[in-house]
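In the text below, chain A, chain B and the rest are named by the order of the sequence lines, each starting its count at 1. All of these numbers come straight from a predicted model, not from anything done at the bench.
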Amino acid sequence: MNEQELVVQALLPVLKDHLDAAAIAKLIEVPKTSDLGDYAFPTFTLAKIFRQAPQQIAADLAPKINADNFEKVQAVGPYINFFLDKAQFSHQLLQTILQQAEHYGDANLGQQGQVPIDMSSPNIAKPISMGHLRSTVIGNSLANILTKVGYKPVKINHLGDWGTQFGKLIVGYKKWGSEAAVKADPITNLLKYYVKFHQEDQAHPELDDEARDWFVKLEAGDDEAIKLWTWFRKVSLQEFMKIYDMLDIQFDSYKGEAFYNDKMAEVVQMLEDKKLLKKSQGAEIVDLSAYNLNPALIKKSDGATLYITRDLAAAIYRKRTYHFVQSLYVVGNEQRDHFKQLKAVLKEMGFDWADDIHHIPFGLITENGKKLSTRQGRVILLENVLNDAVDLAHKQIDAKNPDLANKDQVANDVGIGAVVFHDLKNERLNNFDFNLEDVVRFEGETGPYVQYTNARAQSILRKAGVDLKQQTDYTLADRSAWDVLKQLAEFPDMIIRASKEYEPSVIAKYALRLAKNFNKYYANTKVLVADAEKPARLAMVASVSQVLTQSLALLGVHAPKEM
RNA sequence: GUCUCGAUAGCUCAGCUGGAUAGAGCAACGGUCUUCUAAACCGUGGGCCGUGGGUUCGAAUCCCACUCGAGGCACCA
């Protein structure tokens with residue numbers, strides 16, 4: 001029986017004439033601070049029935065409640081506060097966590113259903129920016145969280161490896177580039193050509209015609225065009241892999257836009273068969289006015305297909321391939337309408353699984369309040385940010401723990417952990433203005449703070465020299481440990497909530513709160529003192545480390561044992 | 001113009017399904033390393049929760065209007 005149920009059962013006998021168990025459960029709340037108890041029952045709603053002041057009702061009812069299962073039951077103002085039995089609670093909780101270890105908090109909401117996650121998806125020949133980082137780390141964390149609750153995620157890197165920009169790129173390369181330069185530093189130089197193209201085409205509009213011609217050649221399978229495209233794609237992907245390795249993120253599929261080139265004709269045919277296509281201003285559209293949306297542009301007036309056509313093909317391909325129970329797209333909030341359109345067209349096509357498609361939007365990263373633009377060369381390169389963070393972590397280690405073993409590994413874990421955690425700690429939809437100092441901060445509400453807390457816990461366990469598995473009694477009635485214990489018990493609920501809201505920040509916030517409570521605890525309480533509760537204290541330290549490590553892992557952040 | 005998202009301390013943000021004095025971190029100031037790593041802990045100051053209405057016993061939280069900011073609004077993705 002969970003703790004809240006105990007409270008309901010205690011209240012039921014004195015309230016059964018007025019409220020049933022479900023109604024009582026709905027009213028129960030958790031007080032802000034634990035000196036007001038662990039659960040509280042507000043008496044406001046009873047005021048009308050009893051025609052008495054809520055304070056009076058609370059004072060009258062409290063003594064009538066059977067408090068056997070509690071430390072105490074007490075009326076405070078208009079509330080009846082319940083205090084849990086700390087000894088019993090701590091014993092059960094710590095035993096559970098130590099037994100279940102990394103499986104503590106597992107759930108089976110997903111029943112092994114597959115969930116493709118469209119994430120990261122950088123564009124070939126362009127650098128991975130801070131914006132891609134968001135999609136990448138949010139997608140990766142959601143994959144971890146969904147796995148924890150019983151789904152089978154499929155991480156798909158839907159590479160931007162097709163489109164008119166390749167025409168521009170080929171023109172730029174042929175005019176200003178060289179094989180040697182691309183080989184030496186592929187992305188930097190390819191980006192240079194692309195940016196230069198957009199500068200030059202202001203004054204020389206004929207460049208746009210050349211670019212269009214090259215893209216037409218590419219689509220037609222022209223040897224030179226294909227050769228260049230294949231080469232650009234290969235060297236770009238190699239560069240991307242460096243970053244994914246740094247982040248320790250792996251994908252299950254790299255099927256990008258080009259993969260769907262030969263799958264769009266079928267989609268167009270299906271739309272025609274279902275009589276959904278209409279001519280409008282020379283283009284083929286699906287009218288979505290019934291959904292209060294702009295029409296979906298399936299074919300341009302020149303006959304070429306568009307973004308949404310490709311995404312329709314991809315959605316259908318994923319349904320056929322993975323038989324998904326949900327299909328997620330971790331893509332910026334500015335594409336909200338696009339995904340509404342995508343779902344609407346699929347609905348019109350008669351696919352009821354359109355409802356299982358979820359756009360997971362996230363806020364924009366700006367610099368000085370302005371949107372970044374690759375075309376203008378205004379980008380924040382993720383690789384630089386990660387390298388800066390790792391360098392800074394190195395300096396910290398040299399200053400604070402110069403004798404540490406595995407310095408390089410720890411510097412990586414900490415530096416990259418800081419960047420990833422910073423991205424995940426706030427609600428997805430918040431915009432954030434990029435500020436390097438903020439991103440690589442190691443103090444306060446940061447990833448390294450959580451990592452450090454865990455390292456300290458590990459340090460205590462190393463020095464304890466006790467085998468926790470030999471132990472049977474985990475009773476810890478110490479008041480100062482109470483907030484930590486209660487919070488450890490919340491972990492499973494946090495995972496469920498994060499999975500339902502597709503919100504990694506729930507886990508990040510939880511980890512910060514747990515770290516803070518634990519820091520406070522061990523700053524004031526000596527763990528390694530030989531007394532009756534020492535084994536239980538160590539069990540709690542081990543549990544905290546277990547849960548912090550798990551939380552960080554769900555976010556895709558490593559937890560070094562020393563730092 | 002229209003739709004979406006947002007507005008809480010100097011800055012960055014929490015505040016779960018409305019409930020007990022609105023909380024953190026950073027920044028500022030002041031304490032704590034012969035004792036489990038000071039990437040930590042403790043303390044001080046700082047807020048008509050954008051504005052105006054409404055619903056409710058009770059609103060930062062729900063509803064309406066307005067102001068301001070960001071983003072989207074068919075032949076880019």
| Do the ring planes of A/Y260 and A/Y317 sit parallel (below 30°), tilted (30 to 60°) or perpendicular (above 60°)? | perpendicular
| field | A/D209/A/R212 under salt bridge (Lys or Arg N to Asp or Glu O under 4.0 Å): CA gap, chis, key distance, verdict | value | CA-CA 5 Å; A/D209 296 329; A/R212 232 186 317 271; 3.0 Å; yes
| message | Please name the nucleotide paired to B/G30 by Watson-Crick or G-U wobble geometry with both distances under 3.5 Å, or report none. | response | B/C42
| said: Heavy atoms only, 4.0 Å cut-off, all strands: where does A/T453 land among base, sugar-phosphate and nothing? | reply: nothing
| Given B/C41, is OP1 or OP2 found less than 4.0 Å from the side-chain N or O atoms of A/K520? | no
| note | Between CZ of A/R428 and P of B/U4 the distance, given in whole Å, is 18 Å
| task | Respond yes when some side-chain nitrogen or oxygen of A/R462 is under 4.0 Å from OP1 or OP2 of B/U37, and no when none is. | result | no
| note | To the nearest angstrom, the CE-P distance between A/M563 and B/U37 comes to 13 Å
| message | Between B/A70 and A/D433, counting only base atoms on the nucleotide and side-chain atoms on the residue, is there a donor-acceptor pair under 3.5 Å? | response | no
| query | At under 4.0 Å between heavy atoms, what does A/I397 touch on the DNA or RNA strands: base, sugar-phosphate, or nothing? | reply | base
| task | Answer yes or no: does a side-chain N or O of A/Y307 lie under 4.0 Å from OP1 or OP2 of B/A77? | result | no
| field | Nearest-neighbour nucleotide for the A/F44 side chain, B/A40, B/C57, B/A14 considered | value | B/C57
| field | Donor-acceptor pair between A/Q335 and A/Y307 side chains, under 3.5 angstrom | value | yes
| field | Identity of whatever pairs with B/C68 - Watson-Crick or G-U, under 3.5 angstrom | value | B/G6
| request: Looking at every strand, decide which applies to A/E562 at a 4.0 Å heavy-atom threshold: base, sugar-phosphate, or nothing. | output: base
| Counting just side-chain N and O atoms, does A/K300 come under 4.0 Å of either OP1 or OP2 of B/C76? | yes
| request: Indicate the ring-plane relationship of A/F166 and A/W162, choosing parallel, tilted or perpendicular according to the 30° and 60° boundaries. | output: tilted
| said: Counting the atoms with a prime plus P, OP1 and OP2 as sugar-phosphate, which does A/P31 contact under 4.0 Å by heavy atoms, base, sugar-phosphate, or nothing? | reply: base
| request: Return the nucleotide paired to B/U55: Watson-Crick means purine N1 to pyrimidine N3 with N6-O4 or O6-N4, wobble means G-U with N1-O2 and O6-N3, both under 3.5 Å. | output: none
| Atom CG of A/L293 and atom P of B/U2: how far apart are they, to the nearest Å? | 18 Å
| task | Answer with base, sugar-phosphate or nothing: what part of the nucleic acid does A/A304 contact at a heavy-atom distance below 4.0 Å? | result | nothing
| field | Ionic contact status for A/E501 with A/R497, cut-off 4.0 Å | value | yes
| request: Measure the distance from NE2 on A/H422 to P on B/U12 and round it to the nearest whole Å. | output: 11 Å
| query | Counting just side-chain N and O atoms, does A/Y449 come under 4.0 Å of either OP1 or OP2 of B/C41? | reply | yes
| request: Look at all strands and tell whether A/T309 reaches a base, only sugar-phosphate, or nothing, counting heavy atoms closer than 4.0 Å. | output: nothing
| note | By the Watson-Crick or G-U definition, both distances under 3.5 Å, B/U21 is matched with none
| field | Integer angstrom distance from the P of B/A70 to that of B/G52 | value | 24 Å
| field | Per A/E445 side chain, nearest of listed nucleotides B/U37, B/A39, B/G25 | value | B/G25
| query | With a distance cut-off below 6.0 Å to the six-membered ring centre and an angular limit of 45° from the axis, does A/K425 pair with A/F421 as a cation-pi contact? | reply | no
| message | By the rule that syn is within 90° of 0, classify the base conformation of B/C33 as syn or anti. | response | syn
| task | Mark yes or no for a side-chain to base donor-acceptor pair under 3.5 Å between A/S301 and B/C75, with no hydrogen or angle criteria applied. | result | yes
| Between B/C68 and B/A59, how far is it from one C1' atom to the other, in whole Å? | 23 Å
| field | Value in whole Å for how far the C1' atom of B/C33 lies from NZ of A/K526 | value | 12 Å
| query | Can you check whether A/T164 has a side-chain N or O nearer than 4.0 Å to OP1 or OP2 of B/C76? | reply | no
| field | Closest nucleotide among B/A39, B/C41, B/C36 to the A/V527 side chain | value | B/C36
| query | Applying a 3.5 Å limit to both distances, which nucleotide forms a Watson-Crick or G-U wobble pair with B/C73? | reply | B/G1
| task | Look at all strands and tell whether A/K516 reaches a base, only sugar-phosphate, or nothing, counting heavy atoms closer than 4.0 Å. | result | sugar-phosphate
| Within the pair A/N81 and B/A20, is there a side-chain N or O less than 4.0 Å away from OP1 or OP2? | no
| request: Ignoring backbone atoms, test whether A/K463 places a side-chain nitrogen or oxygen under 4.0 Å from the OP1 or OP2 oxygen of B/U37. | output: yes
